[in-house]
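Encoded as structure tokens, the structure appears first; notes follow it.
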Number of protein chains: 4
Amino acid sequence: MAKSIDETKLERIKQATIEMVVTKGYGGASVSSIAKKAQVADGYLYRHFPSKKALVQFLYGSHIDQFRQMVYEIMESNNSFDTIIFEFNKAIYEMTNENPSKAMFINMLMNDYTFLMSKDMRLRIPESFDKLLERGQKSGEVDPNLSLEEFTSVFPAISIEYASSRVKKIFSEEKLTEEDARKVTNLCMKALRP
Amino acid sequence: MAKSIDETKLERIKQATIEMVVTKGYGGASVSSIAKKAQVADGYLYRHFPSKKALVQFLYGSHIDQFRQMVYEIMESNNSFDTIIFEFNKAIYEMTNENPSKAMFINMLMNDYTFLMSKDMRLRIPESFDKLLERGQKSGEVDPNLSLEEFTSVFPAISIEYASSRVKKIFSEEKLTEEDARKVTNLCMKALRP
Amino acid sequence: MAKSIDETKLERIKQATIEMVVTKGYGGASVSSIAKKAQVADGYLYRHFPSKKALVQFLYGSHIDQFRQMVYEIMESNNSFDTIIFEFNKAIYEMTNENPSKAMFINMLMNDYTFLMSKDMRLRIPESFDKLLERGQKSGEVDPNLSLEEFTSVFPAISIEYASSRVKKIFSEEKLTEEDARKVTNLCMKALRP
Amino acid sequence: MAKSIDETKLERIKQATIEMVVTKGYGGASVSSIAKKAQVADGYLYRHFPSKKALVQFLYGSHIDQFRQMVYEIMESNNSFDTIIFEFNKAIYEMTNENPSKAMFINMLMNDYTFLMSKDMRLRIPESFDKLLERGQKSGEVDPNLSLEEFTSVFPAISIEYASSRVKKIFSEEKLTEEDARKVTNLCMKALRP
DNA sequence: TATGAATGAGACTTCATTCAT
DNA sequence: CATGAATGAAGTCTCATTCAT
């Protein structure tokens with residue numbers, strides 16, 4: 001009977017939000033500017049999210065979860081610890097190439113103390129990395145004395161930092177390649193080994 | 001005498017700004033709330049900075065510079081590469097313990113794409129790390145094929161990430177110790193070696 | 001058959017509007033909330049009324065007219081002045097019991113200077129009360145020197161005020177009874193007598 | 001040192017609010033229109049009240065209290081019941097003449113179910129009228145069987161209704177006089193007597 | 001006919017900044 | 001020099017209304 005929800009509009013809002021937040025910061029990304037970039041009406045956003053904050057929180061949460069799921073899936077289908085690290089790096093570098101804003105968005109919010117993950121997520125993320133650490137320690141590729149805290153300071157910290165400096169174009173403006181993933185994997189493996 | 005009163009006021013403004021920005025984000029840290037916390041009048045801030053943005057930029061810049069100078073000074077007075085890494089870690093962990101907000105502030109802004117360093121700073125920072133890298137490669141402690149991009153993804157990235165996760169109290173609420181500095185140094189040294 | 005479905009929809013809209021306006025005020029009664037309460041689509045209302053304001057005005061007008069007609073009919077079928085007053089009181093108290101929102105709605109709008117009666121109505125109402133006053137003065141039950149202004153300040157003002165304080169549950173939460181109608185009639189008769 | 005608060009501005013806001021609410025209704029009285037009428041900046045209001053609703057509530061409350069205090073003071077300084085009624089009528093008619101908007105404002109909000117008095121006020125008002133009723137019953141001027149509910153439906157209901165119909169200019173556009181107060185007092189006294 | 005997705009004007013509110021004191 | 005009252009631009013958000021389906 002009535003018009004159905006235009007999913008592309010919603011998608012446009014989401015992408016526009018990410019881009020505006022990355023470019024102008026949370027405060028600088030006004031709802032008006034987001035709506036304009038997404039080519040929807042100013043009030044449109046409020047038909048799907050109760051507030052601008054909720055929208056950004058949702059995007060943060062869903063991206064973090066996508067990220068976490070990626071780790072999970074790669075772990076499920078790979079036996080070798082170093083392959084997991086490599087596949088993960090490859091995956092996030094592909095994502096970063098495809099949608100640099102998305103990568104910047106996650107990085108920015110992860111370091112913003114006013115955007116906290118949901119409790120649920122705060123618990124599940126370390127859990128995934130804990131399993132990964134165990135696997136590495138079992139296979140003898142990771143120092144058995146390494147704590148989870150030390151582990152996550154190496155992985156995914158190095159991987160993310162490498163991608164982040166690339167999108168910031170500090171050292172290079174090239175796209176991230178499989179070679180980059182290999183190099184970073186190598187750094188991680190060395191740091192972690194017994 | 002009168003001037004010293006002034007100085008504490010200015011200092012209070014600076015500290016209040018850092019704390020408010022970390023707690024509430026840049027947008028949430030209103031000039032009024034900063035002034036209130038610093039116990040000065042709203043308009044006082046404008047006697048020293050032309051705008052709120054300029055104040056935050058200044059604080060970011062001066063902290064980054066303090067950081068850079070630390071690297072420089074440690075490099076000047078130490079010959080051994082691993083000692084430099086260790087001393088640096090010790091120094092930033094001490095700073096983090098003393099003033100966690102300051103550490104959070106730097107970390108937050110470094111990952112906020114709307115707060116860019118001055119061009120001057122953007123050039124000088126890699127320069128310092130380049131010199132450090134060279135020293136490590138000369139002494140044979142660092143892989144001679146490592147690029148500056150790879151190097152900075154390890155150091156100071158690991159060091160900072162470790163401190164950051166501690167301030168966020170993700171894995172532990174303990175203060176950072178010399179032992180932590182040693183552990184992190186070890187991780188870095190392993191990652192960098194040939 | 002199809003039409004009768006329509007009629008209940010319209011009826012539901014009307015009742016929902018009255019209840020929402022009374023509960024939330026004119027501004028707080030959003031078209032959406034009215035439609036939701038009436039279980040019709042948001043846009044449905046516009047098939048019968050050109051605007052929200054027009055809907056409320058219509059309801060106000062039709063209730064006022066119903067009120068006026070009640071006076072008229074009671075006057076037609078009763079010779080005695082005091083019986084007219086009593087029957088009127090009884091009638092509006094019954095209506096108030098049946099549908100308190102309706103009573104509150106009329107009372108609210110009659111005291112809201114932004115909802116004016118139609119010119120037509122503004123003229124016809126005093127006319128009805130003028131006839132009633134005449135009748136009372138002819139029968140000697142009402143002071144011959146009383147102006148219409150004084151008369152309406154007594155009747156129906158006292159009657160309405162009594163019902164209003166009851167729906168507001170200021171002094172009592174009981175339903176209005178015939179005994180209440182009698183008491184109020186007595187107060188009016190005493191006030192009006194020569 | 002600094003500028004002091006301009007009390008006339010605050011006064012202008014208050015009066016402008018009353019006038020706009022009376023003319024356009026609560027919803028129609030936009031903060032902008034109020035500020036414009038008061039010749040202050042749009043944001044000024046928020047330096048003294050947390051919201052538009054709070055401002056209107058405050059004005060309602062303070063006017064109701066002024067009203068209540070008037071009753072109290074008149075009762076304190078008069079022994080005779082009928083003098084109290086008369087003095088009260090005179091006082092509110094003078095107030096109505098001086099500031100008709102104020103009278104309309106109170107009347108409007110008293111009949112708006114979304115603007116409730118504070119609990120404190122809801123209790124104190126009937127108390128004052130209860131004392132007045134007692135006095136009238138002691139002096140023999142008021143029917144000893146009259147309930148407070150009946151009493152208040154006569155006084156101050158008649159007095160207020162008379163003033164209200166005058167400000168609405170239904171029957172007359174004249175100012176309210178002492179003669180009006182006398183007439184209304186007479187109506188009340190007749191209604192109340194045994 | 002009835003729906004409800006979408007619009008956008010305009011509401012309320014915040015707050016960086018100014019400047020009289 | 002320092003204050004904080006006042007401003008008003010700009011932000012977030014609501015909601016009456018429209019119209020494709």
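The sequence lines fix the lettering, A, B, ..., with proteins before strands; numbering per chain opens at 1.
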query = Mind checking whether B/Tyr60 and B/Met110 have side chains closer than 4.5 Å, heavy atoms only?
reply = yes
message = Rounded to whole Å, how long is the line connecting atom CG of C/Leu45 with atom P of F/dC19?
response = 17 Å
inquiry  = From NZ of A/Lys52 over to P of F/dT12, roughly how many Å is that when rounded to an integer?
reply    = 4 Å
request  = Check B/Tyr113 against A/Val22 and note the closest heavy-atom contact, atom names and distance.
outcome  = CB-O, 3.5 Å
query = Could you give the CD1-to-P distance, from A/Ile34 to E/dG8, as a whole number of Å?
reply = 18 Å
request  = Return no unless some side-chain N or O of A/Lys9 is found under 4.0 Å from OP1 or OP2 of E/dT7.
outcome  = yes
task = Search all heavy atoms of B/Ile34 against all heavy atoms of B/Ala29 and return the closest pair with its distance.
result = CD1-O, 3.9 Å
request  = Send over the distance from D/Ile13 CD1 to F/dA6 C1', rounded to a whole Å.
outcome  = 12 Å
message = Heavy atoms only, 4.0 Å cut-off, all strands: where does C/Val31 land among base, sugar-phosphate and nothing?
response = base
message = Does E/dT14 have OP1 or OP2 under 4.0 Å away from a side-chain N or O of D/Tyr46?
response = no
inquiry  = Whole angstroms only, please: what is the CG-P distance between A/Asp42 and E/dA9?
reply    = 9 Å
ask   = Starting at CG of D/Asp6 and ending at C1' of F/dA6, how long is that distance when rounded to a whole Å?
value = 10 Å
Identified pairing partner of E/dA6, criterion: Watson-Crick or G-U wobble below 3.5 Å = F/dT17
inquiry  = Any side-chain N or O of A/Arg47 below 4.0 angstrom from OP1/OP2 of E/dA5?
reply    = yes
Nearest-angstrom distance from the residue atom CZ of D/Phe49 to C1' of E/dC12 = 16 Å
Atom pair distance, as rounded to whole Å: CD1 in D/Ile5 and P in F/dA5 = 5 Å
request  = Kindly state whether the ring of A/Tyr26 and the ring of A/Phe115 have centres lying under 6.0 angstrom apart.
outcome  = yes
key: Below 4.0 Å: OP1/OP2 of F/dA6 and any side-chain N or O of D/Tyr44   = yes
query = Taking the six-membered ring for Trp, are B/Phe105 and B/His63 parallel (under 30°), tilted (30 to 60°) or perpendicular (over 60°)?
reply = perpendicular
task = By nearest nucleotide on DNA chain F, pick out whichever of B/Gln39 and A/Ser30 is the more 5' one.
result = B/Gln39
task = Would you mind telling me which residue lines up with the more 5' stretch of DNA chain E, D/Pro50 or C/Gly43, judged by nearest nucleotide?
result = C/Gly43
message = Return whichever of B/Ser32 or A/His48 has its heavy-atom-nearest nucleotide of DNA chain E closer to the 5' end.
response = A/His48
